[in-house]
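Every chain is numbered from 1, with letters handed out A, B, ... down the list of sequences.
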Amino acid sequence: MFNQNGLSLDQAPPISVVFRFFFSGALFGILAGILILIFGTSIFDAHTTQAVILTHTLTLGVMLSFMFAALFQMLPVIAGVKLTSPVQKANWLQYPFTIGVITLLLAFQTSLSWLYGLASLFLGGSIFYIVAVMLKNLFELVHHSASSKGMVIALLALAVVVILALYMTATLSGTINGTYFSQMKEGHYSFGLFGWITLLIISISFQVIEMFYVTPSYPKVVSYYLPTVLFSLLVVTFIVGLFIPATWIITDILLAILLSSYALLTLKRLTQKKRPLSDATVWFWRIGLTSLIVSMFLMIITLFTTISLLQTASYLFFTFFALSIVFAMFYKIIPFLTWFHLNSQGYFTAPMMHEVIHPKTANKHLYIHLATLVTFLLSTFLTPFIYFAGLLTILSFGWMSYQIIHAWKLYRHTQETGEKFEMKIAEG
Amino acid sequence: MSEFTKIDLDARALEHPKPLEQAIRALRELNDENYLYMLHRKNPIPFIDLASEQGFQTLSREDETGNWHILVAKNPSVTLEELLRV
C-alpha cells in the first residue's frame, strides 16, 4: 500500500501548505478589488496613498502569498530542496505575514508611526525567516540547475526589498530622518518588481515551460546568466544611483531590452511545443509575456515623456504580466497536487486532474482575466469603467478562491470515502 | 532475451504531469514477471522516490542524447542493469 503520508513529506509539502497560501493570496485579491471600488481612479496616480495601499495589497498580499505557495511546492520539485517541518515553517510565515500586510495597509492609511513599527516587525521577521530557511537549504545544494540558481538570486533580491522597505518604514514612522529616502524607494520597487517578482518567474520558467509544454529548452547562455546579469545590474545601479540617480534611466532601458527579449524567446518556445492545442494555462503565459513586452515598451517611452497615462498603462501591463503567470501556474499546481497527493496515498478513486479543475473552468477565468484587463485600460479614459474593473477583479479572485475550496473539498471527500489501492509489495 | 516482460512507456513527448500519471498507472501493473522501461526527457525524481518507497527496485540513467532511461521492477531477482539499453 502507498504510504499514508503520501509521497515522502520531504519531497512534496503537505497539500494544505500550498493551498492556504494560494487561498490567502486570493482573499487579498478580493480585498484589492474592493479597494479599487472604494478608491476609484485615484489608484492611477502613483503618488496617492490609495495607489500605495493598492500596490502593496497586490504585491505583498497577492503576489508574495502566491509566490510563497509556488516556492513551497517548487523547491522540492525543481531544486530538490527538502524543507523539513513544512507545516511549522508555513505557520511561522503565514500568520505574522498576514498580520503584517494588514498592519502596513492600515499604517499607510493612518500614518500612525506605531503601526509602521508593528508592520516592520511582523513583515520583516516573517519574510526574513523564510528567506533565510530557503536560502540555507538552497546553499546546501551540491548541483545547481538554472532554476535553483535563479531562485537563490530572486530570494536575495527579496531580502534587499525588505531591507529597503524597513528603511522606508523607519523614515515614515519618524524613527530615522531618511536622507536617502527617494533612492531607497527607487531601489525598493526596482528590486521588488524586477529582482524578485520577474526573476522568480523567469527562473521557474526555465524549468516549467519545457516540462509543462514540451518545448525545446532555453539556450544555456540565457538560463544560466540572465538572472545573474539582471541582479548585478540592479545592485550596481542601486549603489551608483545613491550618488547619480540618473543612472536608473540607463538601467531601465537595459532591463526593458533584456526582459522583452526573454519574453519574446519564451513566446517563441511556446510556438515550438509538441502538442498543437493550447489550454488556458498556455494563454495565460502568452498574455503575461505579451503584457511584459508592452509594459517594458511603455516604460522606455515614459523615460522621455511625461504622459501619465502611459506610465499608468505600463504599471497595469506589468501587473497583468505577473498575475497572468501566477494564474497559469495555479491551474497547473492545484489539480496536480490534489491528484498527486491522493494517488501517493493510494486512493484509486482519486479524481483525475481534469475533474479537480475542468479545463473549461480555467478557460472561463481566462475570459474574466482578459475582460479585467480591458476594463482597466478603458477606465484610464472613461472613469466609470473602474467600477467594472473592480468588480471583475473581485470575480477573478473569487473564482480562484472557489476553485481552491472545491479542490480541497474533493481531496477531503476522497480521503473520507475513497478506497485504497493495495500494492501488495512485500514488507521490508 | 529477457525472461521478463517489458512494459514500455515513452514519455518524452508528453506534457507534465502526464508522464507521472502514466508511470504510476504502470507501477500498479507490475508483478514478478514484468518490469517498466520508461523513456523521459528528465530524471523523474518524484516517481523514482515513490517507487523506491514502495519497495520497487529502480534504475535511472541518462544517455548521451540527454534522454533518461528509467527501469522499475517489483521482482527483486530482476537485474535492471542487464535490461538497460543505453
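Of the two parts of Leu14(B), only the backbone, made up of N, CA, C and O, holds a non-hydrogen atom closer than 4.5 Å to a non-hydrogen atom of chain A.
Here Thr215(A) contributes atom OG1 and Glu15(B) contributes atom CD; the two are 9.5 Å apart, rounded to the nearest 0.5 Å. Separating the NZ atom in Lys42(B) from the OG atom in Ser217(A) is a distance of 7.0 Å, to the nearest 0.5 Å.
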I would like to know whether Trp339(A) and Glu21(B) meet side-chain contact (heavy atoms from CB on, under 4.5 Å); could you show each step before the answer?
CA-CA 9 Å; Trp339(A) 169 85; Glu21(B) 199 175 40; 3.4 Å; yes
For Arg25(B) and Asn343(A): C-alpha separation, side-chain torsions, deciding distance, then whether side-chain contact (heavy atoms from CB on, under 4.5 Å) applies.
CA-CA 10 Å; Arg25(B) 198 178 297 149; Asn343(A) 261 276; over 6 Å; no
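For His413(A), the NE2 atom counts as loosely surrounded, since its 6.0 Å shell holds 12 or fewer non-hydrogen atoms of other residues, nucleotides or ligands. For Lys268(A), the NZ atom counts as loosely surrounded, since its 6.0 Å shell holds 12 or fewer non-hydrogen atoms of other residues, nucleotides or ligands.
Residues of residues 206-214 of chain A lying under 4.5 angstrom from chain B, judged on non-hydrogen atoms, are Glu210(A), Met211(A), Phe212(A), Tyr213(A), Val214(A) by number.
For chain B, the option among Lys274(A), Lys273(A), Arg275(A) with the highest count of heavy-atom pairs below 4.5 Å is Arg275(A).
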Listed pairs under 3.5 Å, donor-acceptor, residues 56-66 of chain B side chains, sequence neighbours left out:
from, atom 1, to, atom 2, distance (Å)
Gln57(B), NE2, Asn75(B), O, 3.0
Gln57(B), NE2, Val78(B), O, 2.5
Ser60(B), OG, Asn43(B), OD1, 3.1
Arg61(B), NH2, Glu81(B), OE2, 2.7
Asp63(B), OD1, Thr65(B), N, 2.9
Asp63(B), OD1, Thr65(B), OG1, 2.6
Asp63(B), OD1, Gly66(B), N, 3.1
Asp63(B), OD1, Asn67(B), N, 3.0
Asp63(B), OD2, Thr65(B), OG1, 3.3
Asp63(B), OD2, His69(B), NE2, 2.8
Thr65(B), OG1, Asn67(B), ND2, 3.3

